[in-house]
Amino acid sequence: MPKNKKRNAPHRGGSGGSGSGAAAATAATAGGQHRNVQPFSDEDASIETMSHCSGYSDPSSFAEDGPEVLDEEGTQEDLEYKLKGFIDLTLDKSAKTRQAALEGIKNALASKMLSELILERRMTLTDSIERCLKKGKSDEQRAAAALASVLCIQLGPGIESEEVLKTLGPILKKIICDGTASIQARQTCATCFGVCCFIATEDITELYSTLECLENVFTKSYLKEKDTNVICNTPNTGLHISSLLAWTLLLTICPISEVKKKLEMHFHKLPSLLSSDDVNMRIAAGESLALMFELARGMESDFFYEDMESLTQMLRALATDGNKHRAKVDKRKQRSVFRDILRAVEERDFPTETVKFGPERMYIDCWVKKHTYDTFKEVLGSGMQYHLQSNEFLRNVFELGPPVMLDAATLKTMKISRFERHLYNSAAFKARTKARSKCRDKRADVGEFF
């Protein structure tokens, strides 16, 4: 519910604007009579509906507090009613309204498990996503692809998600390969294609086809034999990074025979991406290499890489990079990541990470698990922790077992109010500012001394 609405205002059938955003999305105001929203129609009624829904179609209402929205501002019924209104708005005439509706649905699905509602409206949602991907422009296509990813995460593996992929897969592939389409849209579609295929595909030929599609994109960044210089950053670099990361995700579920084939094909070409101008490309290539070494050694404990000396030399240079022409933030980020990559390649070691969610914790102890976690975290954002607690599919992926049931009293003690969160963040900010000031004072004293 938007902040400017009164909490105790009626949410059904009321003619006033106080909290009746969902009703406005599916009904005309006169007499409270419901009507169907005409897709892309020129009716004045559609414009009237948009004016009543301007606050309602703001997706930020789902994004601020995640799963706390239900407890603080409404009930499960309110959320479902609001979500149905968003679904209707995906047929609106206005591109901005459709985009806001897609983002609102995506934020809702990322912050709460709504399996029953999704199963009921799955075909409608799929049709809306398909329409927006086909007819929408860049931002609308990105919103539709992002929603498709979260929809498949909600559905999990099964017939429903297979049908979603069967419907959207050819469109996603067409956008990814379309050189005239927006780079940002192609980038989001590449991530979506990889995630949906990871979840839904049961046909091994479809998996191989998706791998080939993504390969055809990111291999364009490989150094050609005649080239010996650094790979320059291009407008397509972001697309190539997303395609490489999606391809690496799918590599983790391939049969051993296919993994061996892909390793032979890319092991000697992928290191060329380490010389890219783009820090994110260098990191994506390094992490993909570490994961490939992990897979290769999992199949053959005595796996031998011919160019090991040359590769470790490149990794060590990136782990200690001090080039002045690179930004300090990029160098710091790169050195941290490549120290771990170098250790993985040389010593077969992985620095275990701990992820806490609710009363549980998960240990990320290998590159496969890290890459899978990073991918789903990118899609779900702040809703990742909630889905780790409640989503059976993700719990199966990370071997967490069935969801832990918590009573209301336990949940209440675990929650932190918005005011307490604000105080904590303010105190942390003050502490960081004070520490930086002391550090600057010390540097100034040293300068005066000399």
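Starting from 1, each residue takes its place in the sequence as its number.
Tyr305 has its side chain out of reach of Met292: every pair of non-hydrogen atoms, C-beta onward, lies at least 4.5 Å apart. In this structure the side chain of Glu353 never reaches within 4.5 angstrom of the side chain of Tyr373, judged on heavy atoms. Proximity of Val164 to Ile129: side-chain heavy atoms (C-beta onward) are nowhere separated by under 4.5 Å. Contact annotation: the side chain of Arg282 never approaches that of Val337 to less than 4.5 Å [non-hydrogen atoms, C-beta and beyond]. In this structure, the side chains of His266 and Tyr222 come closer than 4.5 Å at one or more pairs of heavy atoms. Residues Val404 and Gln389 fail the side-chain proximity criterion, which asks for heavy atoms closer than 4.5 Å. Proximity of Glu360 to Arg395: side-chain heavy atoms (C-beta onward) are separated by under 4.5 Å at one or more points. Proximity of Trp247 to Thr210: side-chain heavy atoms (C-beta onward) are nowhere separated by under 4.5 Å.
By the 6.0 Å contact criterion, NZ on Lys173 is enclosed, its count of non-hydrogen atoms from other residues, nucleotides or ligands being greater than 12. Heavy atoms of other residues, nucleotides or ligands lying less than 6.0 angstrom from NZ of Lys369 number more than 12. Heavy-atom contacts from other residues, nucleotides or ligands closer than 6.0 Å to CD of Glu347 number more than 12. For Arg348, the CZ atom is densely surrounded, since the number of other residues' heavy atoms within 6.0 Å is greater than 12. Environment of CE in Met265: crowded, with over 12 heavy atoms of neighbouring residues, nucleotides or ligands closer than 6.0 Å. Within 6.0 Å of CD on Glu258 lie more than 12 heavy atoms contributed by other residues, nucleotides or ligands.
Looking at Glu346, its side chain never comes within 3.5 Å of a backbone N or O of Thr312 through a donor-acceptor pair. Judged purely by atom type and a 3.5 angstrom limit, Asn391 uses its side chain to pair as donor or acceptor with the backbone of Ile153. Judged purely by atom type and a 3.5 angstrom limit, Asp307 has no side-chain atom pairing as donor or acceptor with the backbone of Ser310. One N or O on the side chain of Gln385 and one on the backbone of Lys356 form a donor-acceptor pair closer than 3.5 Å. Remark: the backbone N or O of Lys269 is paired with a side-chain donor or acceptor of Ser272 at under 3.5 angstrom. A distance-only check finds no donor-acceptor pair linking the side chain of Arg98 to the backbone of Leu89 [under 3.5 Å]. Distance alone, capped at 3.5 Å, places no donor-acceptor pair between the Gln154 side chain and the Ile118 backbone. No donor-acceptor pair closer than 3.5 Å links the side chain of Glu160 to the backbone N or O of Leu155. A donor-acceptor contact shorter than 3.5 Å is absent between the side chain of Ser336 and the backbone of Arg332.
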Inset, instruction - Give the C-alpha distance, both sets of side-chain angles, the deciding distance and a yes or no for side-chain contact (heavy atoms from CB on, under 4.5 Å) between Leu318 and Ile341. - result: CA-CA 10 Å; Leu318 291 168; Ile341 295 171; over 6 Å; no
Inset, instruction - Check the pair Tyr386 / Met113 against side-chain contact (heavy atoms from CB on, under 4.5 Å), numbers first and verdict last. - result: CA-CA 9 Å; Tyr386 175 81; Met113 288 298 296; 3.8 Å; yes
Inset, instruction - Kindly indicate, with the supporting measurements, whether the criterion side-chain contact (heavy atoms from CB on, under 4.5 Å) is fulfilled by Leu270 and Leu244. - result: CA-CA 10 Å; Leu270 195 58; Leu244 172 60; 4.1 Å; yes
Inset, instruction - Go through Leu289 and Leu274 one step at a time and tell me if the side-chain contact (heavy atoms from CB on, under 4.5 Å) criterion holds. - result: CA-CA 10 Å; Leu289 277 169; Leu274 297 174; 4.0 Å; yes
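Atom CD of residue Glu80 and atom NZ of residue Lys84 lie 6.0 Å apart, to the nearest 0.5 angstrom. To the nearest 0.5 angstrom, Glu294 atom CD is 8.5 Å from Trp367 atom CH2. For the atom pair NZ of Lys135 and CD of Glu140, the computed distance is 10.5 Å after rounding to the nearest 0.5 Å. Taken from SG in Cys192 to CD in Gln187, the straight-line distance is 13.0 Å, to the nearest 0.5 Å. Of the inter-residue distances, the one linking Leu125 atom CG with Glu120 atom CD reads 11.5 Å to the nearest 0.5 angstrom. With values rounded to the nearest 0.5 angstrom, Gln99 atom CD is found 12.5 Å from Leu147 atom CG.
Between Ala108 and Leu83, the shortest heavy-atom contact is CB-CD1, 3.8 Å. Residues Ser390 and Pro403 approach most closely at O-CG, 4.0 Å, considering heavy atoms. When all heavy atoms are compared, the tightest approach of Ala110 to Val150 is N-CG1, 3.8 Å. Shortest non-hydrogen contact noted between Thr248 and Ser288 is OG1-OG, 3.0 Å. Closest non-hydrogen pair, Cys152 versus Cys196, comes out as SG-SG, 3.6 Å. When every heavy atom of His371 is checked against every heavy atom of Leu249, the shortest pair comes out as NE2-N, 3.5 Å.
Glu163 and Lys166 are not joined by a salt bridge, as no carboxylate oxygen comes within less than 4.0 angstrom of a charged side-chain nitrogen. For Asp374 and Lys370, the salt-bridge test passes: some basic side-chain N is under 4.0 Å from an acidic carboxylate O. Between Glu215 and Lys262, at least one side-chain N (NZ, or NE/NH1/NH2) sits under 4.0 Å from a carboxylate O, which counts as a salt bridge.
Note on ring orientation: taking the six-membered ring where Trp is involved, the planes of Phe267 and Phe303 are parallel (angle under 30°, cut-offs 30° and 60°).
By the ring pair (Phe, Tyr, Trp, His ring centres under 6.0 Å) test, Phe198 pairs with Phe376, sequence neighbours left out.
A donor atom on one side chain and an acceptor atom on the other are not found under 3.5 Å apart for Asp203 and Thr201.
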